[in-house]
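Below: one structure, written as structure tokens.
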Amino acid sequence: MQNAQIAAIFDRVADLLEFQGANPFRLRAYRNAARTIGDLSEPVAAILADESRSLTDVAGIGDDLASKISTLIETGTLPLLDDLLAKIPASVLGMLRVPGLGPKKAAALYKQLQIESLDQLREACEAGRVRELKGFGKKTEETILEGIDLAAHAEERIYWAEADELVQSLLAHFAKLDCIRQIEPAGSYRRGRETVGDLDFLVDSDAPGRVMDCLAEYSETDRILARGETKMSIRLVGGLQVDLRVVPADLFGAALQYFTGSKDHNVVLRGMAKQKGLKINEWGVFRTAEGDDSYVAGAKEADVYAALELPCFPPELREARQEFQWAHEGNLPQLVEIADIRGDLHMHTTATDGKATLEEMVEAAIARRLQYIAITDHSKRVTMANGLDARRLRAQWKEIDALRDQYGGFTILKGIECDILESGGMDLPDDVLAEADWVVASVHYGQNQSESQITDRILGALENPSVSAIAHPTGRLINRRKPYAVDLEQVLAAAARFGKLMELNANPARLDLDDVACAAAKRHRVPIVISTDAHSTRGLDVMRYGILQARRAGLTKADVANTRDWQELRGLIGKRPAYPTQELAGPTM
DNA sequence: GCCGTTTTCGGCCCGACTGTTTTCAGTCG
């Protein structure tokens, strides 16, 4: 059983316990464990199998949860979950997705009106039965009725790239206000998460009323959900919620820190503050000693962290994963930046399914100040994209030869995105691949095969001496297609063994390897190559989304292969151990 | 359910806003 499955089961247990009204701290223990395990860069099964280690070494996992994890790995089931499901039908959990319905109200509906599904909830609201319950009223009933439609889409989070468009539009809208001194988007957008569930804006102004009016007047504002002295929430026409907080300058840093989160990061932070006799909230850092509640810091975000003797963490790291430990050890990584990127090693042209010609792609790459690119059109198996056979590929390489003469200082690599066939093996003959400067291998077909089949196919590709990297290594499309079943641990171990690179595909719908998998690659000392997989000249601009994902994984410039010049990068391929980091504990075999 | 250089028991982050209430519980972030 994989980490993600164990995490999902613990989350489900937490949902059911919450519904039951269980001890909130017990609940939190399950939620914490779910997140910790989901974020772990190595399989818990591996920790369990290693006699020198214990699951209880993982923060937040005690004896009880460790034994539950063992049970899950050994038997695939958890008796506690079965017991809970025997008492509470899983369908009631859908009610928790209705905005305004929490565990208490949902439980009241279930117990007093026997409501088990959203359909039954709708009927009860329409019949006016919900308003009869104690603690409910007419208004609540209306809110629930509206929320039921939203609940169906509640799981849907938009791509960071889409969120960015909305953020830029809103910033432009606010720009006409002269009473705004500072404005910052916060929340998961600022942390660079691959998807965003709502938008948070923090504003420094002495005129909160005017700022809130401005948001209310935004052309895409559908309705106002709440509006108080300092805080306002609205829903956009598309359904996305926008939260706005307006504070004066001396509180801006504290509020920005608070609103950027993550929630878990803030919980840890406040716990640390408490130990130091301090209290942190969105209004600042305060001393809590008796008879003294004086303000310590709050104007700048860095001041808030400094008050706790912590570095001002890059927002991408604020997930309560390893950042506090890194800070404690003085090892906070210097994260990779877009300016570090020198080349792009995955892109298509009109020869297959790209929209721009070879020459247009070269021009566009030069305009973006890249030093080298690899042209990697599809191989023939991808008939839908008019994939290249050996003859057409060699013809393209001739064209590249001509362009190399034309664009002297710029490096154009002869590459191919070669399919890994369903039956295993590569889509082009070895002698052809051997002539290429750069070969990315990818799985496009047979994605429904078993984990062992797909893993074997990829392992086979890694063994091929001409293959340089595995492209979009899980095949997922966020919100649209699940990753195919693949044992990434085996793949990463093999990549390290053969000195191969792994791609982080920067397309906002792909972004695989994801942040957790990138951290796993780093653990295996496998270099990551961040590539755009551009199908047009504008497609080259998605690089920054890949950078955000890499930063969330804690990757540095040294961890990302295409921050090097091409000669140096080429030296990494086929070498073992893959590349030197700080101290090598010997090659991993 | 986890955790401990104050603790093996008794803590566990903190505040804004709403609706249904007459002082607060529930929800949310």
Side-chain angles (χ1 to χ4, degrees), chain A residues 10 13-14 17-18 21-36 55-69 80 95-109 130-144 147 154 186-191 196-202 208 212 224-235 241-247 251 254-255 257-286 288 304 308 320:
Chain A
F10 281 171
V13 167
L17 286 174
E18 186 173 25
N23 176 352
F25 298 106
R26 183 179 174 213
L27 203 115
R28 203 171 85 186
Y30 279 97
R31 293 235 188 268
N32 273 340
R35 206 178 51 82
T36 305
L55 277 177
T56 54
D57 295 338
V58 179
I61 308 292
D63 290 336
D64 183 89
L65 286 174
S67 100
K68 287 194 167 78
I69 293 168
L80 170 64
M95 284 198 273
L96 295 177
R97 288 204 298 272
V98 177
L101 268 193
K104 293 279 163 53
K105 284 202 160 82
L109 291 165
V130 169
R131 74 183 74 169
E132 311 280 311
L133 297 185
K134 187 170 190 292
F136 291 74
K138 191 161 180 291
K139 188 88 187 183
T140 306
E141 196 175 72
E142 285 168 11
T143 310
I144 291 173
S188 54
Y189 169 81
R190 183 164 181 244
R191 299 200 311 279
V196 171
D198 62 8
L199 298 180
D200 302 286
F201 282 90
L202 189 70
M212 289 184 192
I224 294 167
L225 300 172
R227 179 171 172 163
E229 297 279 312
T230 62
K231 217 175 128 177
M232 177 178 183
S233 295
I234 61 131
R235 190 155 53 231
Q241 185 171 327
V242 180
D243 296 325
L244 171 71
R245 189 71 171 258
V246 189
V247 299
L251 305 176
Q257 192 288 316
Y258 167 79
F259 252 88
T260 298
S262 67
K263 191 171 183 275
D264 296 301
H265 175 91
N266 286 353
V267 167
V268 174
L269 203 64
R270 290 184 208 150
M272 292 174 78
K274 208 164 186 176
Q275 291 200 326
K276 287 182 180 294
L278 298 169
K279 182 178 77 170
I280 298 185
N281 57 33
E282 58 259 62
W283 304 104
V285 184
F286 303 90
T288 51
V304 174
L308 274 78

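Note that the structure is predicted; figures quoted are calculated from it, not measured. Throughout, a chain's letter reflects where its sequence line sits, starting with A, and its residues are numbered from 1. Below, each value reflects all heavy atoms present in this structure, side chains not excepted, and no hydrogens, waters or symmetry copies.
Note: CD (E18(A)) to C1' (dG1(B)) measures 15 Å, nearest angstrom. Whole-Å rounding puts the Y30(A) OH to dC2(B) P distance at 8 Å. When rounded to the nearest whole Å, the span between CG of N281(A) and C1' of dC17(B) equals 16 Å. Summarising the geometry, the separation between CD1 on I224(A) and P on dC17(B) is reported as 14 Å, rounded to the nearest angstrom. We find that CZ of R227(A) is positioned 10 Å from P of dT18(B), with the value rounded to whole Å. In this entry the distance linking CZ of F136(A) with P of dG19(B) reads 14 Å, nearest Å. Between the C1' atom of dC17(B) and the CZ atom of R245(A) lies a distance of 10 Å, rounded to the nearest Å. L202(A) has its CG atom 14 Å from the C1' atom of dA16(B), to the nearest Å.
Minimum heavy-atom separation, I144(A) to V98(A): O-CG1, 3.9 Å. Scanning both residues, P99(A) and G147(A), for their nearest heavy atoms gives CD-O, 3.7 Å. Nearest heavy-atom pair across L65(A) and A33(A) is CD1-CB, 3.7 Å.
A distance-only check finds no donor-acceptor pair linking the side chain of R235(A) to the backbone of L225(A) [under 3.5 Å]. Q241(A) places no side-chain N or O within 3.5 Å of a backbone atom of D198(A) that could act as its donor or acceptor partner. With hydrogens and angles ignored, the 3.5 Å screen pairs no side-chain donor or acceptor of N32(A) with any backbone N or O of R35(A).
When both distances must be under 3.5 Å, the Watson-Crick or G-U wobble mate of dT8(B) does not exist.
Among the atoms of the strands shown, none is found under 4.0 Å from any heavy atom of K134(A). No contact: T143(A) has no heavy atom under 4.0 Å from any strand. Nucleic acid contact for N23(A): base, since at least one base atom lies under 4.0 Å from a heavy atom of the residue. Looking at heavy-atom distances under 4.0 Å, I280(A) makes contact with sugar-phosphate atoms alone, never a base.
Nearest-nucleotide assignment on DNA chain B puts the 5′-proximal partner with R28(A), out of A226(A) and R28(A).
Contact between the side-chain N/O atoms of W283(A) and the OP1/OP2 oxygens of dA16(B) is found at a separation under 4.0 Å. For dG1(B), one of the phosphate oxygens OP1 or OP2 lies less than 4.0 angstrom from a side-chain nitrogen or oxygen of K68(A).
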Stepwise, does the side-chain contact (heavy atoms from CB on, under 4.5 Å) test hold for D243(A) with K231(A)?
CA-CA 7 Å; D243(A) 296 325; K231(A) 217 175 128 177; over 6 Å; no

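Between Q257(A) and H265(A), some side-chain heavy-atom pair lies under the 4.5 Å cut-off. Looking only at side-chain heavy atoms (C-beta outward), L202(A) and Y258(A) stay at 4.5 Å or farther from each other. T230(A) places none of its side-chain heavy atoms less than 4.5 Å from the side chain of P208(A). Contact annotation: the side chain of T140(A) never approaches that of V130(A) to less than 4.5 Å [non-hydrogen atoms, C-beta and beyond].
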Can you give one letter per nucleotide of nucleotides 22-29 of chain B, going 5' to 3': B for a protein heavy atom under 4.0 Å from the base, S for sugar-phosphate only, - for none?
----SSSB

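Distance from the side chain of K139(A) is smallest for dT20(B) among the nucleotides dC2(B), dC12(B), dT20(B). Taking only side-chain atoms of A29(A), from C-beta outward, the nucleotide of dG1(B), dA16(B), dC14(B) with the closest atom is dG1(B). Minimum atom distance to the side chain of L65(A) is reached by dG1(B), of the listed dG15(B), dT18(B), dG1(B).
Atom name P, nucleotides dT7(B) and dG1(B): the rounded distance is 25 Å, in whole Å. Nucleotides dC2(B) and dT8(B) have their C1' atoms positioned 12 Å apart, rounded to a whole Å. Taking atom C1' on both nucleotides, dT18(B) is separated from dT23(B) by 15 Å, rounded to a whole Å. For the C1' atoms, the distance linking dC17(B) with dT21(B) amounts to 15 Å, nearest Å. The C1' atoms of dC28(B) and dT22(B) are separated by 24 Å, rounded to the nearest whole Å. Taking atom P in both dT20(B) and dG26(B), the straight-line distance is 14 Å, to the nearest Å.
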Can you tabulate the close N/O pairs, meaning under 3.5 Å, that link protein atoms to atoms of nucleotides 3-6 of chain B?
| from | atom 1 | to | atom 2 | distance (Å) |
| --- | --- | --- | --- | --- |
| dC3(B) | OP1 | G60(A) | N | 2.8 |

